[in-house]
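Take a look at the structure below.
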There are 2 protein chains.
Amino acid sequence: MVSLEEVAKLAQVSPATASRALSRPDMVAKETRERVLEAARQLGYQPNQLARSLRQRSSRSLGLIITDILNPFHATVAKGVQDAAEKHDYTVFLFNTDEDPEKERRALNALRGHLPQGLLIVPTPRTRENLKLVANLPTIELDRQSGTPGAHSVMVDNVGGARSAVEHLTALGHRRIGMIVGRLDITTAVERHQGYREALAAAGLPYREELVLPGNHREEGGRVAAHALLSRPPDERPTALFVGNNEMTVGAVLAARELGLRIPEDLSIVGFDDSRWARTMQPALTVVAQPEYDIGFLACETLLSLLRHGKAVQPIRIRLATTLIVRDSTAPPGHASSQP
Amino acid sequence: MVSLEEVAKLAQVSPATASRALSRPDMVAKETRERVLEAARQLGYQPNQLARSLRQRSSRSLGLIITDILNPFHATVAKGVQDAAEKHDYTVFLFNTDEDPEKERRALNALRGHLPQGLLIVPTPRTRENLKLVANLPTIELDRQSGTPGAHSVMVDNVGGARSAVEHLTALGHRRIGMIVGRLDITTAVERHQGYREALAAAGLPYREELVLPGNHREEGGRVAAHALLSRPPDERPTALFVGNNEMTVGAVLAARELGLRIPEDLSIVGFDDSRWARTMQPALTVVAQPEYDIGFLACETLLSLLRHGKAVQPIRIRLATTLIVRDSTAPPGHASSQP
DNA sequence: AAAAAAACTGCAAACGTTTGCAGTAGTTGA
DNA sequence: TCAACTACTGCAAACGTTTGCAGTTTTTTT
């Protein structure tokens, strides 16, 4: 590793001047600067970020903590963050919690030692507590809210998205619409559930508890829940299903297939969150699409501007719009099933 | 940020002793050690990794450079790496090149400044050159080879995997088998192509150039190539397709659908690399599955043991086996198409 | 032409650790 | 009882930068 001192020696200046030539070019004479730059080039000098960060007490880096890198939604968010960060010459430390609060705690501790300037986090149910580990580190919450008072957040309009999905179903004539809702200790699930209720109410339909089942946000949870809902007697079985996240939607589709239900003739399905799988499965899935990439990109930009312009007085709460994409998995309820 | 000095003060020892109490416990008296540990706990002390790394001239961290975080294959590899690293208390710096050698160069430079102890990289066609930026940083190549002499690598048996796929097709009776091969400046594509040739030869079938088309490794490239192959006159059209990576396989399936070809009646398809999409599409896709997670995990473990035990004299070259998973997208050639 | 200002450069300290070395106290052996 | 260990602890330097301050040279102003 070639150090600044060697560059300085080659350029016949002091390390101080060499440092300035590289990071505050206008503070040094043109000729000197060029000598230093040339020397640096010749030696292939790359500044030691550790030393620099240590001295400056901050590290031109950000932490990003997501809950599941294997979920394309999160992977895309991460890419948005990284692209925005790279644009501003920041490095991103990525950690993965697998929805496990303990792993989240470890991640935060590890992160701390690297003195990031800010944090982007997809909260778990214990984040509010864990965030104390990095008190007064500028933080933006992504996708969900931890409930930390005064927290900044970038999310989508879950209520509106869910409502548009369910209104689409009611408009098609469905009257028994089930929902697989997710864990109610995660705000997205609560909000989507809320949208579901609102849409039912708007259509003058009663809310029926027995048609709403929780799932664990994974494929298997969706499959189990869908199985339960769809195994009800024909005249009590929902004719349509609204599923609260992408993974569970896969499970729901599989359950429908296992039960020999045709989509959309016997069952309409709307999922939350688009994916290649949803686009290319047959029939193509009607979904509420989220701007995943933008969530990450915008959140990162917001965080960086927060860092530049000092703390905001008001908590920043950004809600991005969702888009209902109607494909082939939704249709009017079939004649086969009796209507109440 | 609470520093070691404050801990030391609270425990009434020197910073040196505090340091030792935390990182070489057996060098300090039991009673002292406990006092220090208690003080650290009380203050919520977390060591400043930057300072530590600076002093130790190494940073208990690894670099991971992949080409596309949105590709589930790479995301899974990354997860394998991260899990292994976390197990050994290493931090991973993740960078994304989007297959762009220039971004790769930037990533390597950024990485350099963080003094990682090792590097795991999925090479691009320019990696061999770019790696000079981090000369003598212990490095393992993943999935592909850069051609750097003496490089360590962890890959799958691409030749064998491709051969098993194509042998499956020949065994079913296919005689006109097309291949969408990928970029020939990437070793995986070359090797899979090689396996394809070997399987044809083993079945006594001629290699026909016109049935082999390159693709750009993305969905669109696969679609275009498949379109071209499948638009040939019926008696020259391949009855089966072997596609060289997961993204292109999606494109190929879409192309078949656009052309109204039924899978597997009119066309058998085998893809390389499994995915949820492949499992759940209908008909479920026959694929050559790779142990993605293991690639990452094993590569990381190997790198870490390399770090512990000094440089290996021999380059390490690990090849993991693939598995042919036969599902519903392959069948004997249909009666509709004439046989040569 | 002298004074004042501006432009540039170098010295040295600091960031928070770790670690070689030396010093002190307590213990063992003769 | 004294020497030689052993066990522990502290001092101070070092890692590679950045930056406040002061010193020197050059330029501008009067």
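Residue numbers start from 1 in every chain, and the chains themselves are labelled A, B, ... in the order their sequence lines are given, proteins ahead of strands.
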Query raised in the report: Which whole-number value in Å describes the distance from B:K30 NZ to D:dT9 C1'?
Result: 19 Å

Query raised in the report: Does B:R105 pair with B:E102 as a salt bridge, N-O distance under 4.0 Å?
Result: yes

Report summary line: Each nucleotide of nucleotides 14-20 of chain D classed B (base within 4.0 Å of a protein heavy atom), S (only sugar-phosphate) or -, in 5' to 3' order, makes BBBBBBB

Query raised in the report: Taking only residues at least two apart or on different chains, which pairs with a member in residues 123-144 of chain B satisfy salt bridge (Lys or Arg N to Asp or Glu O under 4.0 Å)?
Result: B:E99-B:R144

Query raised in the report: Once you round to the nearest 0.5 Å, how far does CD of A:E247 lie from CG of A:N216?
Result: 9.5 Å

Query raised in the report: Taking CE from A:M27 and P from D:dT25, how many angstroms apart are they, rounded to a whole number?
Result: 19 Å

Query - Salt bridge B:E38-B:R35, side-chain N to carboxylate O under 4.0 Å - result: no

Query raised in the report: Which part of the nucleic acid does B:S53 contact within heavy-atom distance under 4.0 Å: base, sugar-phosphate only, or nothing?
Result: nothing

Query - Rounded distance in Å - CD (A:E34) to P (C:dC8) - result: 13 Å

Query raised in the report: Would you call the rings of B:F93 and A:H114 parallel, tilted or perpendicular if under 30° counts as parallel and over 60° as perpendicular?
Result: perpendicular

Requested in this report: Please state whether the phosphate of D:dC11, meaning OP1 or OP2, lies under 4.0 angstrom from any side-chain nitrogen or oxygen of B:S14.
Outcome: no

Requested in this report: Using side chain to side chain contact (heavy atoms under 4.5 Å, CB included) as the criterion, point out the one residue from A:L120, A:L303, A:T139, A:L306 that pairs with A:H152.
Outcome: A:L306

